Number of protein chains: 2
Amino acid sequence: MRRIDAEIAAEGGKRSRSRAQIMEVFFRSGRHLTVDELTRKVRVRNRNIGSATVYRTLKLLSRLGYVKELDFGEGVKRYESSLTAHHDHLVCTECGKVSEFEEPRIESLQEEVAREHGFSPTMHRLAIYGVCGRCGPPATGKGEE
Amino acid sequence: MRRIDAEIAAEGGKRSRSRAQIMEVFFRSGRHLTVDELTRKVRVRNRNIGSATVYRTLKLLSRLGYVKELDFGEGVKRYESSLTAHHDHLVCTECGKVSEFEEPRIESLQEEVAREHGFSPTMHRLAIYGVCGRCGPPATGKGEE
DNA sequence: TTGAATATGAAATTCATTCTCATGATATAG
DNA sequence: CTATATCATGAGAATGAATTTCATATTCAA
């Protein structure tokens, strides 16, 4: 986090209490947060922080490469730290639970495919949607709920 | 398209001139259209059609499974016919060009991964972002730009 | 043709995100 | 420490995509 502050300073930015609190809560929190969720968590510490500042902070961190923007097609963006290893996501369409996975074979196939099409790949988004073990037991019957 | 009308009728829906025109233009058009783009095309034929009806039509077709909703993170949704074979997308971050590809090995790895995590996969979204051959120099070896 | 139901277009609404702007905080020079 | 220039903030306004409302028009069956 000091590193981030240094990078911001190098760009002519200044530190701020609000931003420090937002970053701290964000990096300590679970993954895949929406701005709204993060704002609520941050306000527990400091009631005065507005969501505009949370948006600004996440955008800044995203530009600096410390945060990844996720979009699972819910109409809201989610954010996660990019300090952890690269991974893709599994999204349960029943309960909304998001799991992570890493599959190097998929990664390299993507590289291969991109090259075949003359693309220089810079990133990708892969989300697999389905029903998680808890929501849809392989047993007979349709577990509604 | 008759089949679609029949299915709508079976649900208690009625036919309509506007919807027929929208469907016709949509299925004859190129892929990956936004509602705005489609509305413009449709209005060439019938100036009176409003975008609300285009939204409604695409939502209906989506529910019936004839249309797939795409989201490349642009802040706008795009739509494509789901009558063509399944495929994923390559998006050029320079010119916006979207290409399609199919890679069965990626598909089966996704199945495998989902199962390992106890998920019953129903669909996935995979988009690879990068620079297409026209926008970027032909990537020699690993030279990243 | 009538009548009950669905569909439409325009405008209003919703909701996430961004922007504006007056004020507050921060860093640096003196 | 204080001045001052600049950046950051928070509240609310603005934006823009998508949805809904509502009065009217269209469809379809009898």
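What you see is a predicted model; the values in this text were computed from it and never measured. Numbers restart at 1 for each chain; the letters A, B, ... are given by sequence-line order, proteins then strands.
- What separates CG of A:Asp71 from P of C:dA16 is a distance of 13 Å, to the nearest Å.
- In this entry the distance linking CD of A:Glu11 with C1' of C:dA27 reads 17 Å, nearest Å.
- In this structure, A:Asp36 atom CG and C:dA16 atom P are separated by 7 Å, rounded to whole Å.
- Of the candidate nucleotides D:dG10, C:dA7, D:dA18, C:dA7 has the atom nearest to the side chain of B:Ser16.
- Rounded to whole angstrom, the span from the CZ atom of B:Arg17 across to the C1' atom of D:dT26 amounts to 12 Å.
- Protein atom CZ of B:Arg15 is 17 Å distant from nucleotide atom C1' of C:dT8, rounded to whole Å.
- Among the protein residues, A:Arg19 comes within range of the sugar-phosphate backbone only, with heavy atoms under 4.0 Å from sugar or phosphate atoms but none that close to a base.
- For the pairing with A:His124, the ring pair (Phe, Tyr, Trp, His ring centres under 6.0 Å) check across A:His86, A:His89, A:His87 returns one residue only, A:His86.
- In this structure, B:Arg78 atom CZ and D:dA18 atom C1' are separated by 16 Å, rounded to whole Å.
- Within the 4.5 Å cutoff, no side-chain heavy atoms of A:Thr39 are placed close to those of A:Ile49.
- A:Thr93 places no side-chain N or O within 3.5 Å of a backbone atom of A:Tyr129 that could act as its donor or acceptor partner.
- What separates CD of B:Gln21 from C1' of D:dT27 is a distance of 15 Å, to the nearest Å.
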